Peer 1: 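Just dropping this structure here.
This structure is a prediction, so every number in the text was calculated from the model and none was measured.
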Amino acid sequence: MGGFFFKTKDSKEVKKWYRKHLGFNTDDYGATFWWKDTNGDDCSTQWSPFSKDTNYFEPSKKEFMQNFRVQDLESLLKKLSQEGVTIVGEMQTYEYGKFAWIMDLEENKIELWEPVDSAFK
């Protein structure tokens, strides 16, 4: 799991609430949870409340979006395309990883992330 993103009425207040009551170490983006993979490498999962009027989850009409960590995003996108999965937009590359978006069978937008976890340190 790379992250969970959801719409809120007031993302700043939601972050404050989670910081106060659940001890989340929040920042402008939400909270990052660090863990080790089976090889002992540092990995992260992001929790992020978004404004209720965000268009980041479009074309989905849902109030949330999941992010999944993947390996070899480019090959995965080719395979998904061959299988008829809807790909939203173009893959994007940043110093912290590659991103692409797909739609599942119930119109949930899913963000796929090939991470570079070391970029966060």
Peer 1: Take atom CD in E58; do more than 12 heavy atoms of anything else shown fall under 6.0 Å from it?
Peer 2: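 Count over threshold, so yes.
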Peer 1: Could you state whether V116 and M91 fall into the same hydrophobic cluster, counting links through intermediate Ile, Leu, Val, Met, Phe, Trp or Tyr residues with side-chain heavy atoms under 4.5 angstrom apart?
Peer 2: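 V116 does not cluster with M91.
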Peer 1: So, taking the atom named OG1 in T32 and the one named CG in D27, what distance separates them when rounded to the nearest 0.5 Å?
Peer 2: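 So the OG1 of T32 and the CG of D27 are separated by 5.5 Å.
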Peer 1: In residues 59-66, what donor-acceptor pairs under 3.5 Å come from side-chain atoms, sequence neighbours left out?
Peer 2:
from, atom 1, to, atom 2, distance (Å)
S60, OG, K62, N, 3.1
S60, OG, E107, O, 2.9
K62, NZ, E106, O, 3.1
K62, NZ, N108, OD1, 3.1

Peer 1: Please round to the nearest 0.5 Å and tell me the distance separating atom NZ of K15 and atom CZ of R19.
Peer 2: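 CZ of R19 is found 10.0 Å from NZ of K15.
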Peer 1: Can you measure from NZ (K20) to CD (E13) and round to the nearest 0.5 angstrom?
Peer 2: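 K20 NZ to E13 CD: 10.5 Å, rounded to 0.5 Å.
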Peer 1: side-chain hydrogen bond (donor to acceptor under 3.5 Å, both in side chains) with S51: which residues, sequence neighbours excluded?
Peer 2: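 Residues passing side-chain hydrogen bond (donor to acceptor under 3.5 Å, both in side chains) with S51: D53.
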Peer 1: Can you tell me how far CZ of R69 sits from OG of S44, rounded to the nearest 0.5 angstrom?
Peer 2: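 CZ of R69 is found 5.5 Å from OG of S44.
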Peer 1: May I ask you to decide if Y29's main-chain N or O and S48's side chain share a donor-acceptor pair within less than 3.5 Å?
Peer 2: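 Side chain of S48 to backbone of Y29, a donor-acceptor pair under 3.5 Å: yes, one is there.
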Peer 1: Hey, any chance M1 and L112 share a hydrophobic cluster, counting ILVMFWY side chains that come within less than 4.5 Å of each other, even indirectly?
Peer 2: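 M1 and L112: one cluster.
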Peer 1: Run the ring pair (Phe, Tyr, Trp, His ring centres under 6.0 Å) test against W35 and tell me which residues pass, sequence neighbours left out.
Peer 2: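 Applying ring pair (Phe, Tyr, Trp, His ring centres under 6.0 Å) to W35 gives none.
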Peer 1: Are L22 and F6 connected in the hydrophobic side-chain network, where two residues link if heavy atoms are under 4.5 Å apart?
Peer 2: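 Looking at the clustering, F6 is in the same group as L22.
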Peer 1: Should the heavy atoms of other residues, nucleotides or ligands under 6.0 Å from CD of E90 be counted, would the total exceed 12?
Peer 2: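 Not buried by this count: 12 neighbours or fewer within 6.0 Å.
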Peer 1: Output yes when a side-chain donor or acceptor of Q46 lies under 3.5 Å from a complementary backbone atom of A31, and no otherwise.
Peer 2: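 Answer holds: yes.
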Peer 1: Could you tell me whether E74 and K78 have a side-chain N and a carboxylate O separated by less than 4.0 Å?
Peer 2: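 The answer is no: the pair does not qualify as a salt bridge.
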Peer 1: Which word best sums up how the rings of F99 and Y96 line up, parallel for under 30°, tilted for 30 to 60°, or perpendicular for over 60°?
Peer 2: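 Rings of F99 and Y96: perpendicular, over 60°.
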Peer 1: Quick one: list whatever passes side-chain hydrogen bond (donor to acceptor under 3.5 Å, both in side chains) with Q71, sequence neighbours left out.
Peer 2: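 Q71 satisfies side-chain hydrogen bond (donor to acceptor under 3.5 Å, both in side chains) with no other residue.
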Peer 1: Got a sec, which residues hit ring pair (Phe, Tyr, Trp, His ring centres under 6.0 Å) with F57, two or more places apart in sequence or on another chain?
Peer 2: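 Expected list: F50.
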Peer 1: Dump the intermediate steps for side-chain hydrogen bond (donor to acceptor under 3.5 Å, both in side chains) on E111 and Y56, then the final yes or no.
Peer 2: CA-CA 10 Å; E111 184 171 69; Y56 192 63; 2.4 Å; yes
Peer 1: Mind checking whether W113 and L76 sit in one hydrophobic cluster, side chains of I, L, V, M, F, W, Y counted as touching below 4.5 Å?
Peer 2: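 No, it is not one cluster - the side chains of W113 and L76 are not joined through contacts under 4.5 Å.
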Peer 1: Are W101 and L73 linked, directly or through other ILVMFWY residues, by side chains that come within less than 4.5 angstrom of each other?
Peer 2: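 The answer is no; the residues belong to distinct hydrophobic clusters.
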Peer 1: Does F5 have its ring centroid less than 6.0 Å away from the ring centroid of W47?
Peer 2: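 Centroid separation for F5 and W47: 6.0 Å or greater.
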Peer 1: Write down the atom of P49, the atom of G30, and the distance for their closest heavy-atom approach.
Peer 2: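 Taking P49 first and G30 second, the nearest heavy atoms are CD-CA, 4.0 Å.
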Peer 1: Using the test ring pair (Phe, Tyr, Trp, His ring centres under 6.0 Å), find all partners of F33 that sit at least two apart in sequence or belong to another chain.
Peer 2: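 Here the qualifying residues are F24.
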Peer 1: Starting at CE of M103, measure out to CD1 of I110 and round the result to the nearest 0.5 Å.
Peer 2: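 It is 8.5 Å, given to the nearest 0.5 Å.
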Peer 1: Indicate yes or no for a side-chain donor-acceptor contact from K52 to the backbone of T8 under 3.5 Å, with no hydrogens or angles considered.
Peer 2: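 A pair under 3.5 Å: no.
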Peer 1: CD1 of I102 to OG1 of T86: how many Å apart, nearest 0.5 Å?
Peer 2: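 It is 9.0 Å, given to the nearest 0.5 Å.
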